[in-house]
Number of protein chains: 2
Amino acid sequence: MKRKVTLKQIAKELDVSISTVSKALRNSVEISEDTRDKVQAFAKLYNYRPNNIALSLKNRKTKTIGVIIPEIVHHFFAKVIRGIELVANKRGYNVIVGLSNESFDKEVINMQMLANGSIDGFILSIAKETLQQQDYHHFNETISQGMPIVMFDRVVNDIVCDKVIIDDMKGSKNAVDKLLKNGCKHVALITTKDYVSVGRLRTQGYIEALEEHKMSLDSKLILKVDDELLSEDHLDSLEAEIEDLFKKNKKIDGVFAVNELYAIIAMKVARKRGLKIPDDVQFIGFTDGVLSKHATPSLTTVSQHGQEMGEKAADLLIDKLEHEEEEERFQTVVIETNLIERESTK
Amino acid sequence: MKRKVTLKQIAKELDVSISTVSKALRNSVEISEDTRDKVQAFAKLYNYRPNNIALSLKNRKTKTIGVIIPEIVHHFFAKVIRGIELVANKRGYNVIVGLSNESFDKEVINMQMLANGSIDGFILSIAKETLQQQDYHHFNETISQGMPIVMFDRVVNDIVCDKVIIDDMKGSKNAVDKLLKNGCKHVALITTKDYVSVGRLRTQGYIEALEEHKMSLDSKLILKVDDELLSEDHLDSLEAEIEDLFKKNKKIDGVFAVNELYAIIAMKVARKRGLKIPDDVQFIGFTDGVLSKHATPSLTTVSQHGQEMGEKAADLLIDKLEHEEEEERFQTVVIETNLIERESTK
DNA sequence: TTTTAACACGAAAACGTTTTCGCTAGGTAA
DNA sequence: TTACCTAGCGAAAACGTTTTCGTGTTAAAA
């Protein structure tokens, strides 16, 4: 077992100073060709690589990005990470991942663990619990210590930082618009409780689409699911609630759900009730994932472009890290959504 | 913007030495109560936290685990990461993620990027390309430099390190056994090319199950898919191949697929051909993911317990990191699979 | 011969910690 | 008085780099 070789060891071995070794390896003109070749040959032989930690300490930069997301077993967040990793790697950065698991405390702890020099900046999406409690002091503290943050998808306006979002309202408005144009007269909405901003915005889009088509809002057609616990029980009760929705509103001929799973389950319920898709009832879900693509019938969705969001967020953060001198200007980048039409709509 | 405060600054401010500050904060008996209180109060006020990088350099430990996986937008790998992160966090470690994207070069580069002091050890699953080329020098080099590696799922015997795997052969044997016991007489196998070890082992399990039931192996019932490119085209051609399989083997009454997607697509093809599931034909897939659970009919699967694998791998690695003095002993932990019965089997 | 300039290299500081060792002042024992 | 002990603190090394500045040698110029 040969431990990693250091400058000091090379210096000792070749009977020169550490400085000389360092300079020789970086092809400094100060060093004679002889010495340079000798050092480089030795370094290559022993497979010398500069110690990253020492460099980080010296440069006060770690070339590492901290990413904190609520959940990783989730198609959208996984795609975002892929985007972040792609760009980070290309630009010479590493990615360190923390999971908040939707918990405020874990979010805070994770940030503290990383903010002590381990990383240069954060990319994150806020935990549900944090959104509910509306306690954002950990973000503000981090920012005030000079560590840049880029937020994506679940953001709050109160915090001044770069943001990457999609136009949730526009996306869902387009989706509902599509249903209405396809002839639906009674479009149901399956959404979440309002504290998650994206849920609220998507609901808003639904309402606006109806207004634009001069259709009245029927609150009986709106199902607000409490997604506190996404356990097995929750799925069962969700199915029951949707069942109930259909039973009480026999005229439903279109369904818009704020996520893919709700839409898939709604389709299942509809089929069980003998409804033909898309002839009797059409479906659109927000968030394009594996389920939508491989369900039968496949589900028309509003694509969120997770990977693109991740790429953009990483670019924003690294740009900021590498141009610290410039004056502070924060942007909010909006990624366009688009409707991926599949078999669940006409 | 208040930058992070250091020991030096506190020392200067309170007119004591750096050593005194350090000791006071660690409650050393060398320091008088007076000084200790003074320093601690000041540190609290300015929210002092030791710089992680400096600690890493000093201790030659980063308290960080490097994880390299082929793909993150993948239910199984995401679950593994969740397991790793869970244990790592609990034990005071961070997780840094690298994606090989199934490429040999990216795998090598990612490892080099991290092996230079950034992390204490690796948890990884080998890229397909690496398995194909059978070039494992980067693993061996890393190990010989004294950096422990734990491999999971896709492993190779040649490399001496801790491993966490499932019994692929037993898992698939059980699955096929289930189909045979359920009365299937012509069980088809949809698998991948042989270079990915798990594919080969799962095929082996299929064969053994048949043998145990004294059934002859019909090679026409085995479809070996080339999954080099998992693009759109690939999915289409996959569907065509399966279509062909059914057309040429009208007697097929059971299908075992080495992953969930193949099984889902096979179900789709079967249904298109007018076959009833599970009455006419039954299906089982390896790897339990979202698709299996929410498909209609839902798919019976062999569960891989990704999260448990991740947890075990992290525990193995951290144990090794924290007991370096002990003699080297490498274990291979086998996680039990189990059959999750759903609607696609009787 | 003396001055100058280029060349080649080394010493040391800095990044932020922890820890070992030594020092001083005051008190106690002989 | 002398010797010794102890409490309380500081200096310095170490982790592995990079970089600035200084220095000695040699050859060319005056």
Side-chain angles (χ1 to χ4, degrees), chain A residues 3-40 42-43 46-64 114-120 145-147 324, chain B residues 3-40 42-43 46-64 114-120 145-147 324:
Chain A
R3 280 235 163 270
K4 296 239 65 172
V5 63
T6 68
L7 288 187
K8 194 192 273 191
Q9 292 167 32
I10 299 181
K12 194 173 176 185
E13 211 67 38
L14 297 182
D15 205 35
V16 291
S17 76
I18 297 180
S19 344
T20 304
V21 178
S22 175
K23 288 172 192 166
L25 290 175
R26 324 194 98 243
N27 288 317
S28 160
V29 288
E30 281 186 62
I31 305 299
S32 72
E33 207 170 326
D34 266 17
T35 320
R36 180 145 42 91
D37 292 351
K38 196 174 59 177
V39 171
Q40 294 194 353
F42 192 93
Y46 281 86
N47 194 31
Y48 169 79
R49 309 258 174 226
N51 182 306
N52 252 326
I53 296 293
L55 286 180
S56 296
L57 183 60
K58 176 128 193 45
N59 303 330
R60 279 126 123 221
K61 301 202 170 173
T62 61
K63 288 260 178 184
T64 302
L114 297 180
N116 302 317
S118 302
I119 59 160
D120 295 339
Q145 278 173 4
M147 179 163 297
E324 274 181 306
Chain B
R3 279 235 164 269
K4 295 239 64 170
V5 62
T6 68
L7 288 186
K8 193 194 272 193
Q9 292 166 31
I10 299 182
K12 194 173 177 186
E13 211 67 36
L14 296 183
D15 205 34
V16 291
S17 77
I18 297 182
S19 345
T20 304
V21 177
S22 175
K23 288 172 191 165
L25 290 175
R26 324 193 97 241
N27 289 317
S28 160
V29 288
E30 280 186 62
I31 305 299
S32 71
E33 207 170 327
D34 266 18
T35 322
R36 180 148 38 94
D37 292 349
K38 196 175 59 178
V39 170
Q40 294 194 353
F42 193 92
Y46 281 86
N47 194 31
Y48 169 79
R49 309 256 174 228
N51 181 306
N52 251 325
I53 295 293
L55 286 179
S56 295
L57 184 59
K58 176 125 192 49
N59 303 331
R60 279 125 125 227
K61 301 200 170 172
T62 60
K63 288 260 178 182
T64 302
L114 297 181
N116 302 317
S118 302
I119 59 160
D120 296 339
Q145 279 173 3
M147 178 163 299
E324 275 181 305

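Letters A, B, ... mirror the listed sequences (proteins, then strands); counts begin at 1.
- Listed by chain and residue number, B:Tyr46 satisfy the ring-ring contact (aromatic ring centres under 6.0 Å, His included) test with B:Phe42 (two or more places apart in sequence, or in another chain).
- Note that the first and last nucleotides of DNA chain D, 5' to 3', having any atom under 4.0 angstrom from a heavy atom of chain B are D:dG8 to D:dG16.
- For the atom pair A:Lys63 NZ and A:Ile119 CD1, the distance stands at 15.0 Å (nearest 0.5 Å).
- For the helix from C:dT1-D:dA30 to C:dA30-D:dT1, the angle separating the two terminal helix axes comes to 80°, with each axis derived from five pairs and the value rounded to 10°.
- Tested against B:Ser118, the residues A:Thr62, A:Asn51, A:Asn52 include a single side chain to side chain donor-acceptor pair (under 3.5 Å) partner, A:Asn52.
- Using a 4.0 Å cut-off on heavy atoms, the residues of residues 5-17 of chain A that approach DNA chain D are A:Thr6, A:Leu7, A:Lys8, listed by number.
- With values rounded to the nearest 0.5 angstrom, B:Lys12 atom NZ is found 13.5 Å from B:Ile10 atom CD1.
- Here the closest non-hydrogen pair linking A:Ile53 and B:Ser56 is CG2-CB, 3.8 Å.
- Residue pairs meeting the salt bridge (Lys or Arg N to Asp or Glu O under 4.0 Å) criterion with at least one partner in residues 13-32 of chain A, sequence neighbours excluded, are A:Lys23-A:Glu30.
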Polar atoms only, N or O, under 3.5 Å: list the protein pairs with nucleotides 20-27 of chain C and their distances.
from: C:dT20; atom 1: O4; to: B:Lys23; atom 2: NZ; distance (Å): 3.3

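- In terms of the side-chain hydrogen bond (donor to acceptor under 3.5 Å, both in side chains) criterion, residue partners of A:Gln40 (sequence neighbours excluded) are, by chain and number, A:Asn27.
- Under the side-chain hydrogen bond (donor to acceptor under 3.5 Å, both in side chains) criterion, A:Asn47 pairs with A:Arg49, not counting sequence neighbours.
- Residues passing the side-chain hydrogen bond (donor to acceptor under 3.5 Å, both in side chains) test with B:Thr6: none are found, sequence neighbours excluded.
- In terms of heavy-atom proximity, B:Leu25 sits nearest to B:Ala43 at CD2-CB, 3.6 Å.
- Partners of A:Thr64 under the side-chain hydrogen bond (donor to acceptor under 3.5 Å, both in side chains) rule, at least two apart in sequence or in another chain, do not exist in this structure.
- Between B:Asn116 and A:Pro50, the closest heavy-atom pair is CB-O, 3.6 Å.
- How far CG of B:Leu7 is from OG1 of B:Thr20: 10.5 Å, rounded to the nearest 0.5 Å.
- Using a 4.0 Å cut-off on heavy atoms, the residues of residues 49-60 of chain B that approach DNA chain D are B:Leu57, B:Lys58, B:Arg60, listed by number.
- Listed by chain and residue number, nothing satisfies the salt bridge (Lys or Arg N to Asp or Glu O under 4.0 Å) test with B:Lys4 (two or more places apart in sequence, or in another chain).
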